Amino acid sequence: DTEVTQTPKHLVMGMTNKKSLKCEQHMGHRAMYWYKQKAKKPPELMFVYSYEKLSINESVPSRFSPECPNSSLLNLHLHALQPEDSALYLCASSQALDREYGYTFGSGTRLTVV
Amino acid sequence: AQSVTQLDSHVSVSEGTPVLLRCNYSSSYSPSLFWYVQHPNKGLQLLLKYTSAATLVKGINGFEAEFKKSETSFHLTKPSAHMSDAAEYFCVVRVNTGGFKTIFGAGTRLFVKA
């Protein structure tokens, strides 16, 4: 299995809703990442997990809450989002954090906040 | 400090002609360099990587890149463009700084004309 699977592919939520994004990989990768990508822009790093521990939080608002229940699974819990949070949310994994490892990306969740 | 500059925001080629996407980098640390491709509404896919071994790197779909330390460049080339190559391309630098740092270029949109 050489894929990162993200669900759902599309999500529309109101500003008072609570929802979760899910990411799964079975490649034995020990680093997992959440990125946010706005239209015509490169991905922006949100969170990094290494060996299931939060390694980096890029000053992301608390309305985004990551969780890594095990080495294969990464969740992003969403609550009280704003319309400007609408974006493509990408999950990625790599063998480890070291610089020589490239990322495997999922196809993303297209989030629209109304 | 680390930075990545993709010298062209848009490149347009005819099908069957060569492709050149330019990337310059700046880094205080020994970098690894990557090229990713992103088709519309999809995740990013790793094309190739340089991690301090051979300076000429071959990737998937006929792409290759050459690491030139003296010019701080990592340009992506392909001898003959195909319609399916039309996409956004990102040059990425990764360094170990005690922690880790990943920097994305702004992206180059490749158009392929029939």
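In what follows, chains carry the letters A, B, and so on, assigned in the order in which the sequence lines appear, proteins first and then strands, with residues in each chain numbered from 1. Owing to the predicted nature of the structure, the values given are computational and were not obtained by experimental measurement.
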Notebook entry, point to check: Roughly how far apart are A:Lys40 NZ and B:Arg109 CZ, rounded to 0.5 Å?
Noted result: 6.0 Å

Next item on the list: Kindly compute the distance separating NE2 (A:His10) from CG (B:Asn41), expressed to the nearest 0.5 Å.
Entry: 7.5 Å

Next item on the list: Examine A:Tyr35 and B:Val37 and state if one hydrophobic cluster contains both, with Ile, Leu, Val, Met, Phe, Trp and Tyr joined whenever side-chain heavy atoms are less than 4.5 Å apart.
Entry: no

Check: Under a 4.5 Å heavy-atom cut-off, does chain B meet the side chain of A:Gln37, its backbone, both or neither?
Finding: side chain

Note to self: Tell me whether A:Lys38 at atom NZ has more than 12 heavy atoms from other residues, nucleotides or ligands lying less than 6.0 Å away.
What the structure shows: yes

Check: Can B:Val92 be reached from B:Leu44 by stepping across I, L, V, M, F, W or Y side chains whose heavy atoms are under 4.5 Å apart?
Finding: yes

Note to self: Taking side chain as everything from C-beta outward and backbone as N, CA, C, O, which of these in B:Tyr50 sits under 4.5 Å from a heavy atom of chain A? Side chain, backbone, both or neither.
What the structure shows: neither

Margin query: Less than 4.5 Å to any heavy atom of chain A: does that hold for the side chain of B:Ser30, its backbone, both, or neither?
Written below: both

Note to self: Using only non-hydrogen atoms and a strict under-4.5 angstrom cutoff, which residues of residues 48-58 of chain A touch chain B?
What the structure shows: A:Val48, A:Ile56

Item checked: Part of B:Gln38 within contact of chain A (heavy atom distance under 4.5 Å) -> side chain

Notebook entry, point to check: Residues of residues 69-91 of chain A under 4.5 Å from chain B (heavy atom pairs)?
Noted result: A:Leu88, A:Leu90

Notebook entry, point to check: What is the minimum heavy-atom distance between A:Pro42 and B:Ala106, and which atoms define it?
Noted result: CD-O, 4.0 Å

Note to self: Can you list the residues of residues 92-111 of chain A that sit under 4.5 Å from chain B, counting heavy atoms only?
What the structure shows: A:Ser94, A:Ala96, A:Leu97, A:Asp98, A:Arg99, A:Glu100, A:Tyr101, A:Gly102, A:Tyr103, A:Phe105, A:Gly106, A:Ser107, A:Arg110

Next item on the list: For residues 9-112 of chain B, pull every pair meeting disulfide (SG to SG under 2.5 Å), keeping only residues two or more places apart or in separate chains.
Entry: B:Cys23-B:Cys91

Check: How about A:Met15: does its CE atom have over 12 heavy atoms from other parts shown lying under 6.0 Å from it?
Finding: no

